[in-house]
J.: 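One structure, pasted below without further comment.
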Amino acid sequence: MKKILVPYDFSEYANHALDFACQIAASTGGHITLFHVIENPFGQGINTQGEVTGEDPEIKLYFVKLLEKTEQWLADAIANDKYKTTEIRRRIEIGTPYKGIGKNIAEWNADLIVMGTKGTSNLEEFFVGSNTEKVVRFSKCPVIAVPATGSLRSVSNIAFATNFESGQSRVIKKLSEYQKLFGAKLHLLWINTIHDTENQDMTLNQLENFAKEHGLENYSTHVSRAVTTEEGILRFVAENNMDMIAMGTHGYQGLSHLFLGSIAEDVVNHAEKPVWTFNMRP
């Protein structure tokens, strides 16, 4: 967790994500790259020398000035005394937010992404979606989606929703590192929906075996029933005062994502607690 990427749009949600990331960096000795994308419909870009490219001189001048302003705004944002003990680097690109974030995840080889999220309405989810949920879907490193509330210092109980898929072993191995970092108790959670017929005692036994197989410590096991998995996770978190939710993602793309969707993305959009996700696919 040395390289932490924080996508930043100057909103209160982004500021809260930066605060959260700084707390992690302080615990791991890591550093942060604060990353901002200037949206651009004109085909402008930034070359390897940091210069704005493009043919139209007026549009190019506009983006040069905007780039200068944005650099100053980022410098002002991290000049706050509360960030003085954290190494924070700045990076700006011109393009579209998600593509810019995805490019930097790959190029910078980030260990962790911390993003602010404000959730979306049902219509927004259907027509637009959010950059946060796209990053959750495609990122190969862990992502923590941070709502307007929540603090690393208060992460004492983590709810890990599992269904025993093979990729869950990869997820729980990575999650154990974060459990130790936070000093938190892990709550293994299975949600029985109206389509499930599993016996509760048998499921609890499976959860216990899962914990032992992966050498978990400081954990408990839970089975809950709900109409949908998402509803069951959110209700369990609310009723049991969980501080963070942890889930594996499939990274579905194209038609697979359209038809199968993602429970993790739905939880990210509606949770009032930070959500940690990690792709189950290597």
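Values below: all heavy atoms of this structure, side chains included; hydrogens, waters and symmetry mates excluded.
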J.: For the pair F210 and F160, name the ring-plane relationship: parallel under 30°, tilted 30 to 60°, perpendicular over 60°.
T.: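 Taking F160 first and then F210, their aromatic rings lie parallel (interplane angle under 30°).
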J.: Evaluate S224 against H222 for side-chain hydrogen bond (donor to acceptor under 3.5 Å, both in side chains), listing each step before the verdict.
T.: CA-CA 7 Å; S224 186; H222 309 266; over 6 Å; no
J.: Only counting residues at least two apart or in another chain, list the ones meeting side-chain hydrogen bond (donor to acceptor under 3.5 Å, both in side chains) with K82.
T.: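 Expected list: D19.
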J.: For the hydrophobic clusters of this structure (ILVMFWY residues joined by side-chain heavy atoms under 4.5 Å, transitively), does one cluster hold both F10 and L34?
T.: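 Looking at the clustering, L34 is in the same group as F10.
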J.: Assess the pair F20 and H16: is the distance between their ring centroids shorter than 6.0 Å?
T.: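 Judged by ring-centre distance (under 6.0 Å), F20 and H16 do not meet the cut-off.
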J.: I need the minimum non-hydrogen distance between T193 and V227, along with the two atoms involved.
T.: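 Looking at all heavy atoms of both residues, the shortest contact is CB-O, 3.6 Å.
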J.: How far does CE of M242 sit from NZ of K273, to the nearest 0.5 angstrom?
T.: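 Reported to 0.5 Å precision, the distance equals 9.5 Å.
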J.: Using the side-chain hydrogen bond (donor to acceptor under 3.5 Å, both in side chains) criterion, which residues pair with Q168? Sequence neighbours excluded.
T.: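 Result, side-chain hydrogen bond (donor to acceptor under 3.5 Å, both in side chains) vs Q168: T162.
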J.: How long is the span from the OH atom in Y219 to the NZ atom in K185, to the nearest 0.5 Å?
T.: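 Output value for this atom pair is 10.5 Å.
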J.: Could you tell me which non-hydrogen atom of V136 sits nearest to which non-hydrogen atom of E265, and how far apart they are?
T.: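 For V136 versus E265, the nearest heavy atoms are CG1-CG, 4.4 Å.
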J.: How far apart are the C-alpha atoms of E213 and N209, what are their side-chain angles, what is the distance that settles it, and do they pass the side-chain hydrogen bond (donor to acceptor under 3.5 Å, both in side chains) test?
T.: CA-CA 6 Å; E213 177 185 348; N209 290 338; over 6 Å; no
J.: What's the spacing between F182 CZ and I24 CD1 if we round to 0.5 Å?
T.: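 Reported to 0.5 Å precision, the distance equals 5.0 Å.
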J.: Return the minimal non-hydrogen interatomic distance between I191 and G232, and the atom names on each side.
T.: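 Minimum heavy-atom contact is CD1-C, 3.6 Å.
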